[in-house]
Amino acid sequence: MKQQQPQQTKSITPRGDDFAAWYQDVVLQGDMAEPAEVVKGCMVIKPNGYAVWERLQAELDRRFKATGHKNVYFPLFIPESFLKKEAEHVEGFSPELAVVTHAGGKKLEEAYVVRPTSETIIGHFFSRWIQSYRDLPMLLNQWANVVRWELRTRMFLRTSEFLWQEGHTAHATQQEAYEEAVKMLHVYGDVAENVMAMPVIRGVKTRAEKFAGADRSFCIEAMMQNGLALQAGTSHELGQNFGKAFDVTYQSKEGKLEFVWQTSWGVSTRLIGGLIMTHSDDNGLVLPPALAPTKVVIVPILRKDTDVEQLLGKVNAVAADLNAAGIATEVDDRTEHSPGAKFFHWETRGVPVVLEIGPRDLAANTCVLKRRDLGTKEPASLDGIVATIQGSLDRMQTELLEAGRARLAANTVVANSIGEVEEILSQATAEKGGGKFVMAHIKDDPACDARVKEFKASVRCIPLEDRFDGPGKCIVTGEPVEKRAVIAKSY
RNA sequence: CGGGGCGUGGCUCAGCCUGGUAGAGCGCCUGGUUCGGGACCAGGAGGCCGGAGGUUCGAAUCCUCUCGCCCCGACCA
């Protein structure tokens, strides 16, 4: 056994009672993270949580490499003046910057900001590194921490410091940059759906909602179990904004000096928050098999009359078979806890499959298999147990995604007037749920976004694929709009 | 940044109003009996009561000031 955590006796607040309290309970009792306590607004990611992040990193990183990107690392500190070079960018970030004014016992001549994102400092180096069209495209990615001083924090969803990856690319043409931004959006969508089993809507942000400094932002939006939207990833067409601010130019084939077209894209540890709010239940964490650090835990049932050596021998042999097949398995052979306590323990930690093997099983060459998401126990033969479990894990992975899709569909409604939008959204709160994705025609105009903001909601995105009924009239201005956008309350 | 709540063994909290030996449950340690959904018995360790100042013979308790955390709203991944 690797972990000897104290037994949890506190129960988890049911989702229906208070969703926010439920979320916090799941994070804490799943032993994913805890508030940093001595550092305001920050969190400690514990081994259980960090292991999930590492698996996400691995899945993402593999895809970044496969699409031609290389990893780099830029400084945590950015000269304050850099942020100011792109007007919209600095305006977007200035309220949430942490600034270093003193170091080495002296006041610094120029303050450094702790990076909230790295467009500016990377722009600076791009301008040094890029001379010719032959240097393009430049496709980089950085795994890093960033700081955005937040007024209100929730573990994983919003903390003052968080971990993420930020891709930064430079291209010769606008078209190529556009294609890059969309390509990476689809990488995110692939990981969200096929690794995290979290269905997402791929879309474009409205001008009011886009990243400060970008021409256009794409996003994946997921729906949490309370119906609130979560922006799970973003990908930006930066246009030539940072190119102009940092003088990132290249000489074209024709010998002309041109500004590069850039993109940036990122996902963060927020994904883990989305993962939790997508799958977990009133008994605690539920992790999709593809991300679970431990996929199977075997609990041996030892009784007074049991031949302990024989039973543990069998249990360890099964565990060895599973591990050999690439199914990460642990044996919980602690003697200080009863089997019941162990079941609760692993349940709150989201282990996909728990296997129970006792004396009766030993005689019959069977076991009891419990799938975390269904909560049902069923007997299984130990013959071919590896294939049986692999089958369970595979089904769990696909069924979690299907369940998420069903929930998304069930909570997506169409509205044809601003009043209808208000009516539907007025019934939702983060604590009590009731959130919906309201599909409505609305013009991409900050004034229209502002109307929606009155309902404490926002235009989440305009989906890339129209799944509804094509063009219609804007519910605010009456002007023609190409397709319905997603309007929802969000995190 | 406003509103609310809370700081007392590792955790959850009682004690504070009405000052006088610092408590409970859980967890932890030792030994034993148990074990198919949160076991039990016996013994044990562990706290300058967030911090500073004040009132008092005496402060966890009263007063002042501070620091921090959590939750709820406006801004944001």
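Letters A, B, ... mirror the listed sequences (proteins, then strands); counts begin at 1.
- Residue ring and nucleobase are stacked for A/Phe344 and B/G38, with a centre distance beneath 5.5 angstrom and an angle between planes beneath 30°.
- Between A/Trp164 and A/Pro359, the residue anchored closer to the 5' end of RNA chain B is A/Pro359, taking for each the nucleotide with the nearest heavy atom.
- As rounded to whole Å, 15 Å separates atom P of B/C69 from atom CZ of A/Arg152.
- Distances were taken from every side-chain heavy atom of A/Leu151 (C-beta onward) to each of B/C28, B/C1, B/A39; the shortest belongs to B/C1.
- To the nearest angstrom, P of B/G27 lies 14 Å from NE2 of A/His345.
- Using a 4.0 Å heavy-atom cutoff across all strands shown, A/Val267 reaches no nucleic acid atom at all.
- Between A/Gln24 and B/C70 there is no side-chain polar atom (N or O) within less than 4.0 angstrom of OP1 or OP2.
- At the heavy-atom level, A/Thr306 lies nowhere under 4.0 Å from the strands shown.
- A/Glu356 comes within 4.0 angstrom of a nucleotide base, judged by non-hydrogen atoms across all strands.
- Counting to the nearest Å, the P atom of B/A74 and the NZ atom of A/Lys456 are 5 Å from each other.
- At a threshold of 4.0 angstrom between heavy atoms, the contacts of A/Thr159 include nucleobase atoms, whether or not backbone atoms are also involved.
- For A/Asp361, the side-chain atoms get nearest to B/G36 when compared with the rest of B/A39, B/U34, B/G36.
- Taking every side-chain heavy atom of A/Pro339 into account, B/C35 is the closest of B/C35, B/G37, B/C72.
- In this structure, the CG atom of A/Asp18 is 13 Å from the C1' atom of B/C70, given to the nearest Å.
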> What do the steps show when you test A/Glu378 against A/Arg371 for salt bridge (charged side-chain N to carboxylate O under 4.0 Å, His left out), and what is the final call?
Replying inline: CA-CA 9 Å; A/Glu378 55 184 52; A/Arg371 229 174 83 177; over 6 Å; no
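- Residue-level contact check: A/Leu157 touches the bases, meaning some heavy atom is under 4.0 Å from a base atom.
- Within the 6.0 Å centre-distance limit, the rings of A/Phe64 and A/Trp265 are counted as a close aromatic pair.
- Each of A/Leu302 and A/Ala20 has a nearest nucleotide on RNA chain B; the 5'-most of these lies closest to A/Leu302.
- Looking at heavy-atom distances under 4.0 Å, A/Pro35 makes contact with sugar-phosphate atoms alone, never a base.
- The base of B/G37 sits within donor-acceptor range of the side chain of A/Lys377, with an N or O pair under 3.5 Å.
- Counting non-hydrogen atoms under 4.0 angstrom, A/Ser268 reaches a base of the nucleic acid.
- The residue A/Phe211 sits apart from the nucleic acid: no heavy atom pair falls under 4.0 Å.
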